[in-house]
Amino acid sequence: MAKLSTDELLDAFKELTLIELSEFVKAFEDTFGVTAAAPVAVAAAGGAPGAPAAEAAAEKDEFDVILESAGDKKINVIKEVRALTSLGLKEAKELVEGAPKAVLEAANKETADKAKEALEAAGATVTVK
């Protein structure tokens, strides 16, 4: 196989849906025995040396909305996921059935709270991180 340049890899990733990219990351992590989230957590924790964790959490301005489970009303949850994201029906269904998964990433506090309320109203179990 020919070696791909960084630009060629980025172009290939740009064509993937969020679900396909998520599946790729999981396969990459499994293949190489690494975790993509660990460096981010270390960087965030190391970003404010000497500051207590509570202050760092209070200053956080980006939140991830995580769908923990769809509950009994899976169809309503799929509809809400589609309303909150630009996913198609198939991708939204796969996201809901593959819970726990992130519905929104790096959203502001207001958007994250509204998404959590909408998903919980549809019957889902949701956490905001």
Side-chain angles (χ1 to χ4, degrees):
M1 180 175 156
K3 185 175 179 180
L4 298 175
S5 71
T6 302
D7 290 334
E8 291 170 330
L9 283 170
L10 288 174
D11 288 339
F13 290 137
K14 287 178 186 176
E15 295 176 14
L16 296 176
T17 65
L18 289 176
I19 299 295
E20 292 169 333
L21 189 56
S22 174
E23 290 170 356
F24 169 78
V25 170
K26 286 181 183 175
F28 186 89
E29 291 173 344
D30 291 343
T31 301
F32 295 104
V34 296
T35 303
V40 175
V42 171
E55 286 182 14
E59 295 173 8
K60 185 175 179 179
D61 61 350
E62 291 184 345
F63 300 87
D64 294 341
V65 179
I66 311 294
L67 176 68
E68 297 295 335
S69 71
D72 296 336
K73 301 178 181 178
K74 189 185 301 184
I75 292 173
N76 292 338
V77 175
I78 293 170
K79 287 179 183 179
E80 279 303 321
V81 168
R82 289 192 68 206
L84 293 168
T85 65
S86 60
L87 296 177
L89 180 59
K90 180 182 177 191
E91 291 85 4
K93 182 177 182 264
E94 288 173 356
L95 187 145
V96 170
E97 289 177 346
K101 289 206 176 181
V103 176
L104 296 176
E105 295 179 338
N108 64 32
K109 176 86 170 140
E110 182 179 332
T111 304
D113 288 341
K114 286 182 181 179
K116 180 180 179 185
E117 289 175 17
L119 288 166
E120 286 178 342
T125 305
V126 182
T127 58
V128 177
K129 294 182 180 182

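When reading the values below, keep in mind they use all heavy atoms of this one structure, side chains included, and skip hydrogens, waters and symmetry mates.
Considering CD of E97 and OG of S69, their distance stands at 13.0 Å, rounded to 0.5 Å. Atom CD of E15 sits about 7.0 Å away from atom CG of D11, to the nearest 0.5 Å. Atoms NZ and CG, on K3 and L9 in that order, are 10.0 Å from each other to the nearest 0.5 Å.
The number of heavy atoms from other shown groups lying within 6.0 Å of CG (D30) is above 12.
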Give the table of side-chain donor-acceptor pairs shorter than 3.5 Å for residues 74-85, with sequence neighbours excluded, one pair per line with atom names and distance.
residue	atom	partner	partner atom	Å
T85	OG1	V81	O	2.7
T85	OG1	L87	N	3.3

Would you mind writing out the side-chain donor-acceptor pairs for residues 108-116 within the sub-3.5 Å range, not counting sequence neighbours?
residue	atom	partner	partner atom	Å
N108	OD1	E110	N	3.3
N108	OD1	T111	N	2.7
N108	OD1	T111	OG1	2.7
E110	OE2	K114	NZ	3.2

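Hydrophobic clustering, with ILVMFWY side chains joined whenever heavy atoms are under 4.5 angstrom apart, keeps L10 apart from F24. Residues F28 and F13 share a single hydrophobic cluster, defined by chaining ILVMFWY side chains whose heavy atoms lie under 4.5 Å apart. In the hydrophobic clustering of ILVMFWY residues, with side-chain heavy atoms under 4.5 Å counting as a link, L119 and I19 come out together. Clustering ILVMFWY residues whenever any of their side-chain heavy atoms sit less than 4.5 angstrom apart, transitively, puts L18 in a cluster other than the one holding L89.
Looking at D64, its side chain does come within 3.5 Å of a backbone N or O of A106 through a donor-acceptor pair. Looking at T31, its side chain does come within 3.5 Å of a backbone N or O of A27 through a donor-acceptor pair.
Of all heavy-atom pairs between V126 and E120, the closest is O-OE2, 3.8 Å. The shortest non-hydrogen separation linking A102 to L95 is O-CD1, 3.6 Å.
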Practice task
Test side-chain hydrogen bond (donor to acceptor under 3.5 Å, both in side chains) on E91 and T17 and set out the steps.
Solution key: CA-CA 8 Å; E91 291 85 4; T17 65; 5.0 Å; no
Exercise for the section: Test side-chain contact (heavy atoms from CB on, under 4.5 Å) on K101 and I66 and set out the steps. Expected result: CA-CA 6 Å; K101 289 206 176 181; I66 311 294; over 6 Å; no
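For the salt bridge (charged side-chain N to carboxylate O under 4.0 Å, His left out) test, no residue two or more places apart in sequence or in another chain qualifies with E117.
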